[in-house]
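This chain uses plain numbering: 1 for the first residue, then up along the sequence.
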Amino acid sequence: MIHHERSLTIDAAPDAVWAVLSRYMHIDEFAPEIASVDALTNGEVGIGSKRRNHFANGTSLVEEVTKWQPGTGYPVELSDMAAMPLKKASSEIRISPTGGRSKVTWTFDYRVKYGPLGWLLGQSLMKMMMGKIIDANLQGLSDKARAG
C-alpha cells in the first residue's frame, strides 16, 4: 500500500474541529471537490456508517467508518470507486490537541491497479493529486471549524 499523509494546525479547539468532522454525512460542507453526499445508512453515526460522496467531476465513491473515536477522529474504507485506478483504499482523519489549537492529520493509503506501472502512477501522479485534494479538504475543515 502507498501511504500519503498531510497535516494542518487549525486555530480552533479540538471540540470545534470534532463538531464539524462528526457530522459524517455532511463532508460536502467543507470538502471542496465533494458536490453532495448520500447517506447509505440510517441512525447514529459510528462504526459501519456509510456515505456515497459525489464529486464535482461526476464520479463517486463509498466510504464506511471502521472505527469511531469521538473527539479524536475515524478511519474509513473506500469502495465502489470504479472511476479511480485503485484496487483498495482507506483514509483516516485524526485530531490532536496542541496548545488550544488542533493538529489535524489526514492519511490516504491505497493500492493501485496495473502492477508495477500502477505503482509508479501511484507514487507520482496519484500522490500529487491526492495531496492537493487533502490540502484543500484540510483548509476547508479549518475554515468551517473557525467559523463555528
Side-chain angles (χ1 to χ4, degrees), residues 1-12 14 16-41 45-69 71-98 101-148:
M1 295 271 274
I2 297 171
H3 177 77
H4 195 61
E5 184 171 302
R6 298 283 233 229
S7 294
L8 179 67
T9 299
I10 297 174
D11 193 17
V17 175
W18 179 249
V20 176
L21 287 178
S22 65
R23 291 176 41 82
Y24 181 71
M25 300 301 177
H26 301 279
I27 190 172
D28 56 331
E29 292 179 350
F30 69 87
E33 291 298 316
I34 299 178
S36 65
V37 176
D38 295 332
L40 302 179
T41 54
V45 174
I47 296 171
S49 293
K50 284 184 169 183
R51 66 186 175 202
R52 176 176 296 281
N53 299 334
H54 296 275
F55 296 96
N57 67 5
T59 63
S60 70
L61 58 78
V62 172
E63 292 181 319
E64 179 177 355
V65 175
T66 58
K67 188 174 184 182
W68 188 254
Q69 302 165 298
T72 305
Y74 48 83
V76 296
E77 289 290 326
L78 282 67
S79 62
D80 198 12
M81 45 189 176
M84 298 176 80
L86 302 177
K87 287 184 193 179
K88 184 175 180 159
S90 62
S91 184
E92 183 174 6
I93 303 170
R94 293 185 310 272
I95 306 167
S96 304
T98 176
R101 301 185 324 170
S102 305
K103 179 180 178 186
V104 179
T105 302
W106 197 310
T107 66
F108 187 64
D109 294 287
Y110 53 100
R111 183 169 294 125
V112 183
K113 297 175 184 174
Y114 315 121
L117 181 59
W119 181 87
L120 186 59
L121 173 70
Q123 288 289 357
S124 57
L125 187 60
M126 286 288 300
K127 246 186 182 177
M128 184 176 65
M129 179 186 76
M130 289 312 304
K132 288 180 181 179
I133 291 170
I134 293 171
D135 286 345
N137 290 353
L138 285 168
Q139 188 58 55
L141 174 61
S142 175
D143 294 345
K144 183 81 172 166
R146 287 183 296 118

Output, in order, the C-alpha distance, side-chain angles, deciding distance and verdict of side chain to side chain contact (heavy atoms under 4.5 Å, CB included) for M129 and H4. CA-CA 11 Å; M129 179 186 76; H4 195 61; over 6 Å; no
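- When all heavy atoms are compared, the tightest approach of M81 to A89 is CE-N, 3.8 Å.
- For the pair S142 (side chain) and L138 (backbone), a donor-acceptor distance under 3.5 Å is absent.
- Listed here is the closest heavy atom pair of T41 and G48: CG2-O, 3.6 Å.
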Full working for side chain to side chain donor-acceptor pair (under 3.5 Å) between Q139 and D143: CA-CA 6 Å; Q139 188 58 55; D143 294 345; 3.0 Å; yes
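- Contact annotation: the side chain of E92 never approaches that of V76 to less than 4.5 Å [non-hydrogen atoms, C-beta and beyond].
- The distance from the CE atom of M128 to the CD atom of Q123 is 13.5 Å, given to the nearest 0.5 Å.
- Contact annotation: the side chain of S91 never approaches that of D109 to less than 4.5 Å [non-hydrogen atoms, C-beta and beyond].
- Closest heavy-atom contact between D28 and M25: OD1-O, 4.1 Å.
- Side-chain contact between L141 and I10: present, with at least one pair of heavy atoms (C-beta onward) separated by less than 4.5 Å.
- Note: K113 NZ to M84 CE = 10.5 Å, rounded to the nearest 0.5 Å.
- Screening N137, T9, V17 against V104 for a side-chain contact (heavy atoms from CB on, under 4.5 Å) leaves a single residue, V17.
- In this structure, CG in N53 is found 5.5 Å from CG in L61, a value given to the nearest 0.5 Å.
- A salt bridge does not link E63 to K50: none of the charged side-chain nitrogens sits closer than 4.0 Å to a carboxylate oxygen.
- Side chain to side chain, H54 and D38 meet the donor-acceptor criterion of an N or O pair below 3.5 Å.
- Atom CD1 of residue I2 and atom CE of residue M130 lie 12.0 Å apart, to the nearest 0.5 angstrom.
- For the pair S22 and W68, the minimum side-chain heavy-atom distance is below 4.5 Å.
- Salt-bridge annotation for D80 and R52: present, with a side-chain N of the basic residue lying under 4.0 Å from a carboxylate O of the acidic one.
- Put simply, CD1 on I34 and NE2 on H26 are 13.0 Å apart, with the number rounded to the nearest 0.5 Å.
- Between W18 and T72 the shortest heavy-atom distance is CE3-N, 4.2 Å.
- No side-chain donor-acceptor contact under 3.5 Å links T105 to the backbone of S7.
- Between I27 atom CD1 and E33 atom CD the span is 12.0 Å, to the nearest 0.5 Å.
- Using a 4.5 Å cut-off on side-chain heavy atoms (C-beta onward), L21 and I93 make contact.
- Of all heavy-atom pairs between T98 and K103, the closest is CG2-N, 3.7 Å.
- Shortest non-hydrogen contact noted between R111 and M1 is NH2-CG, 3.4 Å.
- Counting only heavy atoms from C-beta outward, the side chains of Y74 and K67 never approach each other to under 4.5 Å.
- Side-chain contact between T107 and H3 is present, with at least one heavy-atom pair separated by less than 4.5 Å.
- For residues 106-129, every residue pair satisfying the ring pair (Phe, Tyr, Trp, His ring centres under 6.0 Å) rule, not counting sequence neighbours, is listed here: F108-Y110.
- Under the 4.5 Å side-chain criterion, counting only non-hydrogen atoms from C-beta, L40 is not in contact with R51.
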